[in-house]
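Remember, predicted model here, so these are calculated numbers, not experimental data. Order of the sequence lines fixes the chain letters, A, B, ..., with proteins taken first and strands second; residue numbering starts at 1 for each chain. Basis for what follows: all heavy atoms, side chains included, without hydrogens, waters or symmetry-related copies.
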There are 2 protein chains.
Amino acid sequence: MKATIYDVARRAQVSIATVSRVVSGRARVTEETRARVLEAVRELNYHPNPVAQGLALQSTRTLALIIDHFDSIYQAKIVAGAETEARAHDYHLLVQQVADLDGDKLRRLSGRIDGIIISGGASTDELLRAATEQSIHTVRLGSLVPDLRADAVVADNYKGAYEAMEHLIGHGYRRIAHIAGPESSPHGKLRAKAYHAALEDHAIPQPKEYLAHGDYTHESGFQAMVGLLELSEPPDAVFCADDLLAMGANLAVHELGYSVPNDVAIVGFDGLETGAYVTPPLTSVYQPIEQLGRVAVETLLWRMAHPDEELRETVLPTEIVLRRSCGCPAVSHVASSTAA
Amino acid sequence: MKATIYDVARRAQVSIATVSRVVSGRARVTEETRARVLEAVRELNYHPNPVAQGLALQSTRTLALIIDHFDSIYQAKIVAGAETEARAHDYHLLVQQVADLDGDKLRRLSGRIDGIIISGGASTDELLRAATEQSIHTVRLGSLVPDLRADAVVADNYKGAYEAMEHLIGHGYRRIAHIAGPESSPHGKLRAKAYHAALEDHAIPQPKEYLAHGDYTHESGFQAMVGLLELSEPPDAVFCADDLLAMGANLAVHELGYSVPNDVAIVGFDGLETGAYVTPPLTSVYQPIEQLGRVAVETLLWRMAHPDEELRETVLPTEIVLRRSCGCPAVSHVASSTAA
DNA sequence: CTGAAAGCGCTTACAG
DNA sequence: CTGAAAGCGCTTACAG
């Protein structure tokens, strides 16, 4: 029922080679034959079978996006950006949830894709070696890693976090705690590093108890904050490694009868829209998540076209969004954001 | 560099047919040859090329998930569920953002997938006709539609919304408003219908001004609530078509100097975890979003195996999660939820 | 049980 | 410019 290139050739009285040429536009064809072929194509509603093309061309025109778990708005936005950019270039996007991608899993996937975008944490040394061997181009959602043959796309985690800290310090807070991400998070590590550096640079003490850990969930932020508030000298400000932690922390402050930002100020990271709707609206470091997905695809496509260029790392700027949880007297929950 | 079936055959001293047989396990082979082939497979690290298999078998073992835009936690969870289930059956998942999928776009996709899961709103009459013509199996994330040849997977929107209304009525509220979803949302329509029915059944007046509309964003919920509060007789409770609307509405109440739930109670829909972390924690109708994605894939796979069975609609139950925005005196932001 | 061969639907040197 | 043919890497009747 589905027309093939043979059907078109027969109807247009030409060979399949000619049909292929006019459909692909990759070679000169007489205007007259071309018209005949096009006519047949339309009549039969012919569309080349992409699988057959894939076999002949050794290219699938599909990319894979690999992230350990698709369960938060972050992943949704990465997918949104990546799919949009892929589609703009006539590529398709496959998604896969794999935390521990290895050479073997990669090999099973490799036949159906031309390249992969992989969440920073899962792109291990072994994996990249395997990818290289199978000549699968790879871009990391994360920083460049020495000796790993993978381009990188990442937000400026360190700088963003540092600015958040300077903002808190500027408000006059001097007992600043940090609820960090899990140990396994490369981004989290950079944000924690900036936390320490900013305090150090401003000669502000940083007691060990002021460093707590969560796993990027609301509840872990809640728990961490409870711990912080039970300290004999609780912090007067907390910088959280992401907005979910910050929202959890914020509720904990309320639950224990304190107030944000009067008793303790809070700043998050990600700049999620939802942060504008908690009480008080959450100050946060915005990172362009959807754009990260878009640029990752862009980079991958570029790499596929230029296999021998040197590694490229794209660092996207962050921007602090001032709302009220930091102590700023904002006019409205939306108007005060500096980000577009 | 990548081993093909020919390489394996040569090494094992058999024909490619035999290699295919042992690798696929679809036919009897002497234990001895089988061992030789397996040995060669291992040595060469052979994995069949899925594209070639796809061409030969006329099946790609990949499914497409089509939703207009991947930008909220809802879509992330659908992807999570769908990909998990697909992977469990050795299928892959392609995602695509298309609001107005039509026969033509479908045809371009059809060569690379065996079936599609499509967001309710986009599965029009025309589309389904096209899908049927191309014998592409389709499952709707939404209700069954008369005369449309597509299985359906959906949460019990009507019942969930009705229960939410009864809960508010049980609290004693009598001026209950509704912030509905956009006109284009099938789910939204059902929730609005339940709103009206519950009031009707309890002989509670429902002034026109109490029906507002949003587009499932925080900000539209905020604006709608502002409008409601400016009424000469503002509502004392508001049922929102989703949690984002509810969070926006909640902030609006605070911004205008009122209190939730004392001045106006709020109930949302979706039961997002994040709703537990606003102030006050949001009562909501939980729907198993990830499971919707999982069951959609399950249904699609079942349909592919049983093309002639009659249409199937799976309705998943919702469950009201009592937190504090409705007026319930909850012990903790988490402990009071009735949902697991 | 095993192999030779055709077929899945394309693309692209190679001739003419 | 156009066609015949080989090739992409598999699967599966059909013989033997």
Nucleic acid contacts - residues 53-62 of chain B versus DNA chain C, non-hydrogen atoms under 4.0 Å: Leu55(B), Ala56(B), Gln58(B)
Extract the stems that DNA chain D is part of, considering only consecutive pairing runs of at least three Watson-Crick or G-U wobble pairs, both distances under 3.5 Å. C:1-3 with D:14-16, C:5-12 with D:5-12, C:14-16 with D:1-3
Hits for salt bridge (Lys or Arg N to Asp or Glu O under 4.0 Å) against Arg28(A), two or more places apart or cross-chain, chain-then-number order -> none
Backbone N or O of Ala130(B) within a donor-acceptor pair of the Arg107(B) side chain at under 3.5 Å? no
So if I take residues 4-21 of chain A and measure heavy-atom distances to DNA chain C, which residues fall below 4.0 Å? Thr4(A), Ile5(A), Tyr6(A), Ile16(A), Ala17(A), Ser20(A), Arg21(A)
What pairs with Glu83(A) under salt bridge (Lys or Arg N to Asp or Glu O under 4.0 Å), at least two apart in sequence or on another chain? Arg87(A)
Given 3.5 Å as the limit, does a donor-acceptor pair link the side chain of Asp156(A) with the main chain of Val315(A), or not? no
Partners of Asp100(B) by salt bridge (Lys or Arg N to Asp or Glu O under 4.0 Å), sequence neighbours excluded? Lys105(B)
How would you list, by chain and number, every residue that makes a side chain to side chain contact (heavy atoms under 4.5 Å, CB included) with His89(B), sequence neighbours excluded? Glu85(B), Tyr91(B), Leu301(B)
On a heavy-atom basis, which atom in Ala80(A) and which in Gln97(B) lie closest, and how many Å separate them? O-NE2, 3.0 Å
Test item: side-chain donor near acceptor, Thr299(A) and Asp151(A), under 3.5 Å: no
Residues from residues 22-46 of chain A lying under 4.0 Å of DNA chain C - heavy atoms: Arg26(A), Tyr46(A)
Partner residues of Glu32(A) under the salt bridge (Lys or Arg N to Asp or Glu O under 4.0 Å) criterion, sequence neighbours left out: Arg36(A)
If you walk 5' to 3' along DNA chain D, what is the first nucleotide with an atom under 4.0 Å of a heavy atom in chain B, and what is the last? dG9(D) to dA13(D)
Ala52(B): which residues meet the side chain to side chain contact (heavy atoms under 4.5 Å, CB included) condition with it, sequence neighbours left out? Leu55(A), Asn49(B)
Where at least one partner belongs to residues 287-301 of chain B, residue pairs that pass salt bridge (Lys or Arg N to Asp or Glu O under 4.0 Å), sequence neighbours excluded: none
